[in-house]
Amino acid sequence: MKILIIEDEPELLNSICNYLGNDNFICETATNFHLAIEKISLYEYACIILDITLPGGSGLEILHELKKQQKADGVLIISAKNSLDDKLQGLKAGADDYLTKPFHLSELSARVEAIIRRKYFNGNDVITLNEISINISQKTVEINNTPIDLTKKEYELLLYFISNKNKVISKNAIAEHLWGDDMDLADSYDFIYTHIKNLRKKLLQANCTDYLKSIYGMGYKFDIH
Amino acid sequence: MKLFAKYNRINLAATIIVFLLAAIAFYFSLQYVLINQLDDSLETEQAEIEKYVAEHQKLPEVFAIKDQQIVFTATTSNNIVKKHFKSIALVDSIEKNKEFFRQLTFTIQVQNNFYTAQVSKSLEGTDDIIQSVVIITFLTILLILLVSYFINRVVLQKLWKPFYTTLHAVNNFEISKQKQITFQSNNIEEFSSLNKTLEKVINKAQQDFTSLKHFTENASHELQTPLAIIRTKLDLLIQNENLSQQQTEAIQSANNALQRLANLNKSLLLLTKIENNQYEQKININLKAIIQTKLIQLNELIQNKNIQVGVNLEEVNINMNNDLVEILLNNLLINAIKYNTQGGKIIINLTSTQLQIANTAQTSLDTTKVFTRFYKVEQSTQSNGLGLSIAKQICDTAGYPLSYSFNNNFHYFTVTF
């Protein structure tokens, strides 16, 4: 699947491509408004990651252009302005989601996957990864066709891990994904530990392979290699 | 004290003193003149008596005349009294009551006999005049006081009207609301100069305020991209499988610091945006429902500290921006959890007039600083000291005062509707 990243900051562009550009995605990039318009006219993308402030024009105009050309590409806006107006305008103009800088790459990845799922499977899909299958619309998880009972947080965690499989996710990223940024870091680490411990226990009880690896001092990895 | 009351007071005091002094001077000079005149007429009387004696060689007959007495007393040449005037109380021969008289005493010789003559004239007329003078003086003072009081009241109030208009305009002015202040023009030099100066000062302050606000907003926005680069680079860095323990610890520290920086920046942006009234859209919000949802969301944190939550919620609807209500409740509730003691209590009371969130605590916060930006009880905490400032700003913008008090080992945060 091809994704297009429209971002004028080369270092950020670089990071995003590096993280997302694995076996699942092929990343293309555009660093200014005109390049972006050119690319969206020529190709179709599973998802477009779009920075609102661009040299040469606004990201919102790109959204309008997509609408005009009747393209169905999924769009995730990344903006430095955490402003409600931008968010509302962006979503109104056809964007699927909105992420404020500074974001974690794992969060970006999870959002992009969610957009693609919604776009291509109408949200009615089932993610299957070896013996694990997750029904997104019903929010249920089965291991080897046996349903397991997860709490809301455990379910969110599992989905987050699967969207970032084989990647180390920092505790900060997990905390922000689960609780936003309201919590003290010290507190949230305890909670993460508890939730992950419970999730792993439930997965193992259902005879699931132990994919969840703790990476000392940094975070966790859902390792399917 | 109002300026014109003070002016009036000084003015009245001066007027009264001047009038009293004038009245006293008038009283004495009038008395002097009138008594002189009386003395003159007594001397005329003496001259007439002496003329009569010289012509007839006998004393004139004495008639009782109103307000006048003449008495002759025989005396010897040894007891001759010098001619002199004096004021004396005598019994009036006709009216039979005691009155003040002016008396001239002199010695008169009829052939070889000496007589002391005492000619007295009543001071009653003089007293009457003086009495009327005093009465007229006091009435005049009273009248002048009354008139000047009303003139001052009416005239000064009219004269000072532009001043009060200006004062009212300045009082109602809020720098955070981007409204131009306008002063009524007037033709009094002092006031128009005051207005001009104020206009200049306020415009300058407004400009400074705006540029400071823009600076904060721009600075915060500009920081977001570098923060994003650092965060994504750290995210990439941890993917490396060959990191040493030392390196991972360094990355984790950097990640934590970055998180704090990002949170701080986000809070500052939020404050600026609330100040800029970027959360204008208001909807009708069921506070009870929102609080219940929030408590469910925060349940983990509450459980973690074994906190008992007591709620007493009435059905209350308020008209406010939805996002701001969420942030406000979040900040207040998270504070109540974060700064609670292990096994402490949170009590939430919601009535139609107020929302009160109380939590167990050891010591009172500094009531003068509690809503100040970057105020922290312990410098070491991870909090950025902006949570309560944001809550306060939200309440101020919505027009619902937020207050803090400490009582019986409880912090109370109260929003009054």
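We name chains A, B, ... by the order of the sequence lines, and we start the count at 1 in each one. All values reported here derive from a predicted model rather than from experimental measurement.
Counting heavy-atom pairs closer than 4.5 Å to chain B, the top-ranked of the candidates A:N14, A:V168, A:T194 is A:V168. Ranked by heavy-atom pairs shorter than 4.5 Å toward chain A, the options B:T248, B:L243, B:I230 are led by B:T248. Considering only heavy-atom pairs separated by less than 4.5 Å from chain B, the leading option among A:H104, A:K101, A:E11 is A:H104. Looking only at heavy-atom pairs under 4.5 Å with chain A, the residue among B:L223, B:L236, B:L227 that has the most is B:L236.
Counting non-hydrogen atoms of other residues, nucleotides and ligands closer than 6.0 Å to NZ of A:K201 gives a total of 12 or fewer. Counting non-hydrogen atoms of other residues, nucleotides and ligands closer than 6.0 Å to CG of B:N284 gives a total above 12. More than 12 heavy atoms of other residues, nucleotides or ligands lie within 6.0 Å of CD in B:Q297, so this atom counts as buried by the packing criterion. Enclosure of atom NZ in A:K153 by more than 12 non-hydrogen atoms of other residues, nucleotides or ligands within 6.0 angstrom is indicated. Within 6.0 Å of the NZ atom in A:K2, the count of heavy atoms belonging to other residues, nucleotides or ligands exceeds 12.
The CG atom of A:L13 lies 10.5 Å from the CD1 atom of B:I229; values are rounded to the nearest 0.5 Å. Put simply, CG on A:N172 and CG on B:D235 are 8.5 Å apart, with the number rounded to the nearest 0.5 Å. The distance from the CG atom of A:D190 to the CD atom of B:E300 is 11.0 Å, given to the nearest 0.5 Å. Considering CD of A:E7 and OG1 of B:T225, their distance stands at 6.5 Å, rounded to 0.5 Å. The OG1 atom of B:T232 lies 14.0 Å from the CD atom of A:E107; values are rounded to the nearest 0.5 Å.
Looking at B:Q245, only its side chain comes within 4.5 Å of chain A, counting heavy atoms on both sides. With a 4.5 angstrom heavy-atom cutoff, B:E241 touches chain A only via side-chain atoms. Looking at A:K152, neither its backbone nor its side chain comes within 4.5 Å of chain B, counting heavy atoms on both sides. Contact annotation for B:I337: neither backbone nor side-chain heavy atoms come within less than 4.5 Å of a heavy atom of chain A. For chain A, the nearby part of B:E249 is the side chain; its heavy atoms alone come within less than 4.5 Å.
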Between A:S170 and B:I238, is the side-chain contact (heavy atoms from CB on, under 4.5 Å) condition met? List the steps. CA-CA 8 Å; A:S170 68; B:I238 58 172; 3.9 Å; yes
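For A:P102 against B:Q224, the heavy-atom pair with the smallest separation is CD-OE1, 3.5 Å. Taking both residues in full, the closest heavy atoms of B:K233 and A:S15 are given as NZ-OG, 3.1 Å, listed atom of the first, atom of the second, then distance.
Ionic pairing of A:E176 and B:R231 is present here: one or more N-O contacts between side-chain nitrogen and carboxylate oxygen are shorter than 4.0 angstrom.
With no hydrogens or angles considered, no side-chain donor-acceptor pair links A:N166 and B:Q239 at under 3.5 Å.
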